[in-house]
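Nothing here was measured: the structure is a model prediction, and the numbers come from that model.
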Amino acid sequence: MDEQFSMPVHSREPMPRGLAHKKSSGPKFLASIGAHEFFTIETWKAALVELTATAALLFTLTSSIIACLESHEVNPKFLIPFAVFIIAFLFLIVTVPLSGGHMNPVFTFTAALKGVVTLSRAILYVLAQCIGSILGFFILKSVMEPKLADTYSLGGCAIGDKGPISGIKPQDALLLEFTCTFLVLFLGLTLAFDKKRCKELGLPMVCLVVAASMALAVFVSITVTGRPGYAGVGLSPARCLGPALLHGGSLWNGHWIFWLGPFLACIIYYSVSINLPTKGVDWVDGEYDILKLALGSCGALSNNAIRNDLP
């Protein structure tokens, strides 16, 4: 029976190499980008979580930041990092088990580069996050007092009006956006994408580290490097997209910075992350202690001197 089924295979003329390659490369490419996830209900559920969570996060975060700025504190900017930390932590600890808790195209793009998610899922996530941003800021614009919306440009990403003394220079804003995004990726995602350490520390501690890295980046961008008209680091292109579309005006001035800076940071971080040590430091329990080595060398020298003096 085996011979009967094998004879037609041997009698068939070989397929041209180019045609065979074309037929096999198609399914391989679709599998490599995870195209099957477009037809999986769980993927769309996760994308819906990203959309909802992004809209709720940006609505809550922006309204809280504006409330801090409108408070009667002497320096309300110091309250903003604490608000960012608490809100980001709450959203992360809820959404990470559901969709991965990205809520940011920067996190999704980095996850796709490192192979944590497929390219298909990454595309759906980024689209969901952008739609969520528009939805969240639409709700915020509808309920916010128009005067506040104009004063704070709907909480959008702004570098200030064009002019020699107003705002921040585009190249400085780009450098700051790149640096702060890289800071968040290096401190937060290095831990979040490490399965072994995540299992050791647990979900709450990982979410705490990621939220703290975001708060630290915001603190740096609005205090030490604060400039008139500069709204601080964006950290998320989706966060900047919604206000720019709904409020417009000066928010389109340098809008490209809030896309280019984070994605450059993603690429550089990926280049760094693939070259990080795979093993931790091997502790040797004081074997190479400098004082012990020095005393040991002195003792060896004195012993040699005594031996040389003996007849």
Side-chain angles (χ1 to χ4, degrees), residues 43-44 46-66 83-84 87-88 90-92 94-96 98-113 116-117 119-141 152-159 173-174 176-178 180-185 188-189 192 210-211 213-215 217-218 221 231-248 251-267 269:
T43 305
W44 289 95
L48 182 60
V49 170
E50 286 291 311
L51 188 154
T52 307
T54 304
L57 172 66
L58 295 180
F59 174 82
T60 307
L61 195 60
T62 306
S63 57
S64 300
I65 290 174
I66 293 176
V84 171
I87 294 171
L90 292 175
F91 274 87
L92 284 170
V94 171
T95 59
V96 165
L98 301 176
S99 65
H102 295 192
M103 298 174 287
N104 188 339
V106 171
F107 292 168
T108 302
F109 183 60
T110 306
L113 286 176
V116 178
V117 299
L119 183 60
S120 300
R121 181 179 288 261
I123 292 172
L124 289 178
Y125 273 19
V126 172
L127 289 175
Q129 291 154 5
C130 291
I131 296 172
S133 171
I134 297 170
L135 180 61
F137 280 103
F138 175 78
I139 298 172
L140 184 63
K141 184 178 181 180
Y152 295 103
S153 299
L154 199 60
C157 306
I159 64 173
L174 179 62
L176 191 59
E177 195 73 27
F178 168 83
C180 290
T181 305
F182 183 85
L183 176 69
V184 173
L185 295 176
L189 293 199
V210 176
S213 66
M214 295 171 64
V218 171
S221 68
V233 70
L235 293 180
S236 171
R239 187 182 84 80
C240 305
L241 179 63
L245 290 174
L246 295 171
H247 187 77
L251 293 182
W252 288 113
N253 178 27
H255 181 74
W256 58 272
I257 292 171
F258 301 101
W259 287 86
L260 181 61
F263 283 108
L264 285 177
C266 289
I267 295 171
Y269 169 74

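Partners of L51 under the side chain to side chain contact (heavy atoms under 4.5 Å, CB included) rule, at least two apart in sequence or in another chain, are A128, I131, L135. Residues satisfying the side chain to side chain donor-acceptor pair (under 3.5 Å) criterion with H247, sequence neighbours excluded, are absent altogether. Partners of W44 under the ring-ring contact (aromatic ring centres under 6.0 Å, His included) rule, at least two apart in sequence or in another chain, do not exist in this structure. With sequence neighbours excluded, no residue satisfies ring-ring contact (aromatic ring centres under 6.0 Å, His included) with F178. For A211, the side chain to side chain contact (heavy atoms under 4.5 Å, CB included) partners at least two apart in sequence or on another chain are F85, A88, F89, L92. Applying the side chain to side chain contact (heavy atoms under 4.5 Å, CB included) rule to F138 yields the partners S142, L246; only residues at least two apart in sequence or on another chain are considered. Considering only residues two or more places apart in sequence or on other chains, T110 meets the side chain to side chain donor-acceptor pair (under 3.5 Å) condition with none of them. Residues satisfying the side chain to side chain donor-acceptor pair (under 3.5 Å) criterion with S120, sequence neighbours excluded, are absent altogether. C157 meets the disulfide (SG to SG under 2.5 Å) test with C240; sequence neighbours excluded.
Ring planes of H255 and W252: perpendicular class, angle over 60° (limits at 30 and 60°).
Scanning all heavy atoms of the two residues, the minimum distance from I87 to S64 falls at CD1-OG, 3.4 Å. Considering all non-hydrogen atoms of both residues, Q129 and P105 come closest at OE1-N, 2.9 Å. Across all non-hydrogen atoms, the minimal contact from A53 to F91 is O-CE2, 3.8 Å. Between P237 and F263, the shortest heavy-atom distance links the atoms CG-CE1, 3.9 Å. Taking each heavy atom of A158 and F258 in turn, the nearest pair found is N-CZ, 4.1 Å.
In this structure, S213 contributes its side chain and V210 its backbone to a donor-acceptor pair below 3.5 Å.
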Quiz: residues 54-62 side-chain donor-acceptor pairs under 3.5 angstrom, not counting sequence neighbours:
residue : atom : partner : partner atom : Å
T54     : OG1  : E50     : O            : 2.6
T60     : OG1  : A56     : O            : 2.7
T62     : OG1  : L58     : O            : 2.7

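Taking the side chain as every heavy atom from C-beta outward, P262 and F182 never approach each other to under 4.5 Å. F137 places none of its side-chain heavy atoms less than 4.5 Å from the side chain of L241. For the pair N104/F109, no side-chain contact is recorded, criterion being any heavy-atom separation below 4.5 Å from C-beta on.
A side-chain contact (heavy atoms from CB on, under 4.5 Å) with I159 is found for exactly one of N253, L174, L251, L176, namely N253.
If you take OH on Y125 and CE on M103, they are separated by 11.0 Å, rounding to the nearest 0.5 Å.
The salt bridge (charged side-chain N to carboxylate O under 4.0 Å, His left out) pairs that include a residue from residues 52-61 number zero, where partners must be two or more places apart or lie in different chains. Residues in residues 231-241 take part in no salt bridge (charged side-chain N to carboxylate O under 4.0 Å, His left out) pair, two or more places apart or across chains.
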